[in-house]
Amino acid sequence: MHTNSLIELNQKAYQTNIDFLKKTFGDKITLSSVVKGNAYGHGIGEFVTMAYGYGVTHFSVFDVEEAKAVFAALQDKVTIMVMGLVKDEDMEWVIGNAIEFFVFDKNRLTKAQKIAEKLQRKAIVHIEVETGMNRTGFEKSDLKSVLAILKKEKEHLFFKGLCTHYAGAESLENYDRVNHQIKKFEEIYQYFCTNDLQPEMRHSACSAASIIFPETRMDLVRIGIMQYGLWPSPEVFASFLNSKKDKTNPLERVITWKSTIMSIKKINSGSFIGYGTSYLAKRKMKIAVIPIGYAHGYSRSLSNQGRVLINGQPCTVVGSVNMNMISVDVTEVDTVKKEDEVVLIGTQKDLSISVASFSDFSNQLNYELLTRISKTIPRKIIK
Ligand SMILES: *Cc1c(COP(=O)(O)O)cnc(C)c1O
């Protein structure tokens with residue numbers, strides 16, 4: 001087991017986020033907690049257990065492996081919805097355990113029907129329709145036969161949801177495109193209704209859409225990034241603040257990533273630090289080595305740029321990020337010693353390294369940075 005670093009999940013911060021989201025959406029809308037990508041790096045098993053403790057009973061995942069991870073933690077106490085891939089060989093497990101899933105092609109629809117019939121169960125399907133993202137989803141031309149299959153196979157196909165996904169609701173430059181999608185989605189819904197087939201629910205919103213386009217909330221919202229205490233983009237945050245009198249951020253970062261100093265070294269002026277020549281010491285320096293590198297998800301693009309906190313002071317990464325180590329400049333930190341705590345993301349004394357500032361350095365999105373954090377790092381819930 002990896003003991004070089006630790007991920008802490010702050011339960012209070014999570015509660016703050018969930019309270020905010022529930023207040024924003026009201027209790028008629030189901031909040032689905034999106035936990036794909038190892039719960040955005042937070043650790044899926046630990047995260048869903050914590051979320052369940054705060055009343056979250058609906059989880060969305062990408063594939064069956066993730067569905068199994070949620071199921072292992074919470075069994076049938078919660079609803080699990082697979083938004084992406086269900087392989088044929090996993091279909092029996094999925095239908096047998098009442099796992100819900102997106103269906104976006106006819107092969108899968110007929111496969112689901114066959115397996116459900118064999119198991120004498122109903123497959124709980126969410127029909128995903130194409131509205132303009134051009135990724136997955138039934139085309140308009142498919143709808144007639146989808147409708148016919150759903151009607152004919154009612155015994156084995158439960159039309160739980162009609163859904164779609166927006167193409168970049170977090171960026172205002174996509175405003176027109178998303179509005180067009182919203183309109184198209186409504187037309188498709190009307191098409192089903194006028195043909196006497198209504199889904200139990202409609203859903204389309206991710207975090208960004210739920211804030212910028214409130215009409216996309218419908219019956220269920222699929223919320224990933226915001227429940228972790230981060231905004232989908234600065235634009236969404238700004239747009240949220242503009243609509244409020246109170247200009248404070250209602251979200252709190254749930255994740256903290258910590259390590260400890262592995263060794264300390266004094267360097268003479270004029271020496272290169274680490275591999276190659278990317279960092280030349282221009283003075284006498286004190287360098288601390290931290291046992292975290294790109295193998296653990298600390299991006300190489302943070303070479304010579306990333307910052308960490310040691311004894312409440314910001315320290316810059318010097319030289320390149322190695323596979324398992326980084327070196328940081330602790331020249332100005334007085335009483336620094338081996339085993340001192342190092343904060344990679346999080347707060348120490350009065351300072352914070354936010355995920356956003358961390359990813360700004362390297363032009364990564366919050367999403368990408370978080371999901372890169374290695375699965376092998378232990379996750380611990382902090383009360
Ligand atoms: C990831 C994802 C979401 C959640 O997105 P956030 O921006 O993190 O809220 C919602 N719906 C689908 C289909 C997704 O893939």
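First listed ligand is number 1; within each ligand, the first listed atom is number 1. Treat the numbers as computed from the prediction; the structure is a model and nothing was measured.
- Ligand 1 places these atoms under 4.0 Å from at least one heavy atom of His165: 10 (C), 11 (N), 12 (C), 13 (C), 14 (C).
- Looking at Lys286, Lys284, Arg283 one by one, the single match for salt bridge (Lys or Arg N to Asp or Glu O under 4.0 Å) with Asp329 turns out to be Arg283.
- Taking the six-membered ring for Trp and the full ring otherwise, Phe20 and Phe240 have centroids separated by under 6.0 Å.
- Electrostatic pairing of Glu128 and Arg135 does not count as a salt bridge here, judged by no charged N lying under 4.0 Å from a carboxylate O.
- Rounded to the nearest 0.5 Å, atoms CD1 (Ile292) and CE (Met325) are 11.5 Å apart.
- Considering backbone and side-chain N/O atoms, Ala205 never comes within less than 3.5 Å of an N/O atom of ligand 1.
- A salt bridge does not link Asp105 to Arg108: none of the charged nitrogens lies less than 4.0 Å from a carboxylate oxygen.
- Polar contact check, Ile225 against ligand 1: a nitrogen or oxygen pair lies under 3.5 Å apart.
- Not a single heavy atom of Phe62 sits closer than 4.0 Å to an atom of ligand 1.
- Residue Ser207 touches ligand 1 through backbone and side chain together, judged by heavy-atom distances below 4.0 Å.
- Looking only at protein heavy atoms, the nearest one to atom 7 (O) of ligand 1 is Tyr367 OH, 2.7 Å.
- Each of the atoms 1 (C), 4 (C), 5 (O), 6 (P), 8 (O) of ligand 1 lies under 4.0 Å from some heavy atom of Tyr40.
- By the 4.0 Å N-to-carboxylate-O rule, Glu155 lies too far from Lys122 to be salt-bridged with it.
- Glu215 pairs by the salt bridge (Lys or Arg N to Asp or Glu O under 4.0 Å) definition with nothing, not counting sequence neighbours.
- Contacts between Arg222 and ligand 1 below 4.0 angstrom, taking non-hydrogen atoms only, involve backbone and side chain alike.
- Atoms of ligand 1 lying under 4.0 Å from any heavy atom of Lys36, numbered from 1 in the order shown and given with element: 1 (C), 2 (C), 3 (C), 14 (C), 15 (O).
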